[in-house]
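Below is one structure, written out as structure tokens; the observations come after it.
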Amino acid sequence: MDLPTEFSLSDLLELPQTAAASSLSELQKLLDEERNRCAQVIAVSPENLTEAQSDEVRVRFTGRKSPLQDWLKSLRNFPAEERKDAGAKINQLKSFLEGEVERFVLACRASAEKLRLEREKVDLTLPLPELNLGSRHPVSAAAQQLLEPLRRLGFTVIDGPELEREFYNFEALNIPAEHPAREMQDTFFVASQWVLRTHTSSVQAHAMLERGVPLRVACAGFTYRNELDLTHVPTFRQIECLVVDKGITLANMRSTLDAFFAEVFGRPVKLRLRSSYFPFTEPSAEIDVQCQQCFGSGCRSCKHTGWLEMGGCGLVNTRVLESCGIDSKVYSGFAFGMGVDRIAMSKFGIADLRSLYEGDVLLSRQLALR
Ligand code: DAH
């Protein structure tokens, strides 16, 4: 039943005029009226009542405001032989009303809930609030950018463990236990035979032993050393390349480096290979790139040398090839490795490497834009 416009709940909930009865017939009339009133109220469609109003209905017919309790009390004015009958009639109506009203109140609640959900309905055509997405850390971004030209040069990008066996980090790379080259890196020893890799060169040993020849692989990843100052942090990233095939020479290495750095800097850059020592390469060299700030004339960022040191390279030491199961009479190779953080520093013009690792979101966001 829809509510008539002039409907007033309070009219329907009004208490009966006669609050007491003294005979069975009088009582029967009161009970019938009460039942009718209730029937009228719960015939109203639940969606026409608020939850508060449905509460009023409950209080009026089954709670505090119900006259049933008074009527039960008035039974003492009844002739003794009618009392039992009268009491039974009242209780009968009571349980009837309780059942009906309970059902009605639940229906009111359900329809109020339905209404609320409808009002809150999601409008799929509304524009989304702006999402606050983060960005890659500048050094992670730099690492990925460095791998791109290598992919184009035909390198397969691989991964290796950061928690590494001493064998892969040292022995396989021609750095036996008592070798002074172990002094070059302040290693985190984690457990017997286990280290946090000090360089990504350990991935070279994995690649040779697990993939075999010919090989053209690159990897970028975290490396760990116990050091901390303006230009060193204990956790840093390196990028590593390895090529092993028949007839590989320094000329292949040089042309790969030239092509790689040209792509990294977006134009051909001057490279200088400076003779050096690494146990895993022979001959070995440091890779210097001409300073892109002063183009060789000397400035603060290249410490007035005109060159920036990028990493190391060389022809893979035959001992390394042999200890990784490769016949060094048939195969030769070259490798190079460098610090991604260093490249990011020179790319972003950062003076203190540590500022990259202070978790400063503003700095990261600013660098990500470049
Ligand atoms: N692993 C060396 C370092 O951490 C860098 C390096 C030098 C890597 C020469 C190479 C290489 O692959 O051939 O200092």
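All ligand and atom numbering here is 1-based and tracks the order in the structure.
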- Task: Verify whether one side chain among Thr156 and Arg151 offers a donor that lies under 3.5 Å from an acceptor in the other.
- Result: no
- Item | ILVMFWY network linking Leu242 to Val320, side-chain heavy atoms under 4.5 angstrom | yes
Does ligand 1 have any N/O atom under 3.5 Å from a protein N/O, and what are those pairs and their distances?
unit_1: ligand 1; atom_1: 1 (N); unit_2: His199; atom_2: ND1; d: 3.1
unit_1: ligand 1; atom_1: 1 (N); unit_2: Ser201; atom_2: OG; d: 2.9
unit_1: ligand 1; atom_1: 4 (O); unit_2: Arg225; atom_2: NH2; d: 2.8
unit_1: ligand 1; atom_1: 4 (O); unit_2: Gln238; atom_2: NE2; d: 2.9
unit_1: ligand 1; atom_1: 12 (O); unit_2: Gln204; atom_2: NE2; d: 3.0
unit_1: ligand 1; atom_1: 12 (O); unit_2: Glu240; atom_2: OE2; d: 2.6
unit_1: ligand 1; atom_1: 13 (O); unit_2: Ala335; atom_2: O; d: 3.2

- Message: Using a 4.5 Å cut-off between side-chain heavy atoms of Ile, Leu, Val, Met, Phe, Trp and Tyr, which other residues end up in the same hydrophobic cluster as Val190?
- Response: Leu163, Phe188, Trp194, Leu196, Phe222, Tyr224
- Message: Once side-chain contact (heavy atoms from CB on, under 4.5 Å) is applied, do any residues pair with Leu124, and if so which ones, sequence neighbours excluded?
- Response: Val122
- Item | Residues that Ile42 engages under side-chain contact (heavy atoms from CB on, under 4.5 Å), provided they are two or more places apart | Cys38, Glu100, Phe104
- Query: Do other residues, nucleotides or ligands put more than 12 heavy atoms under 6.0 Å from Arg267 CZ?
  - Reply: yes
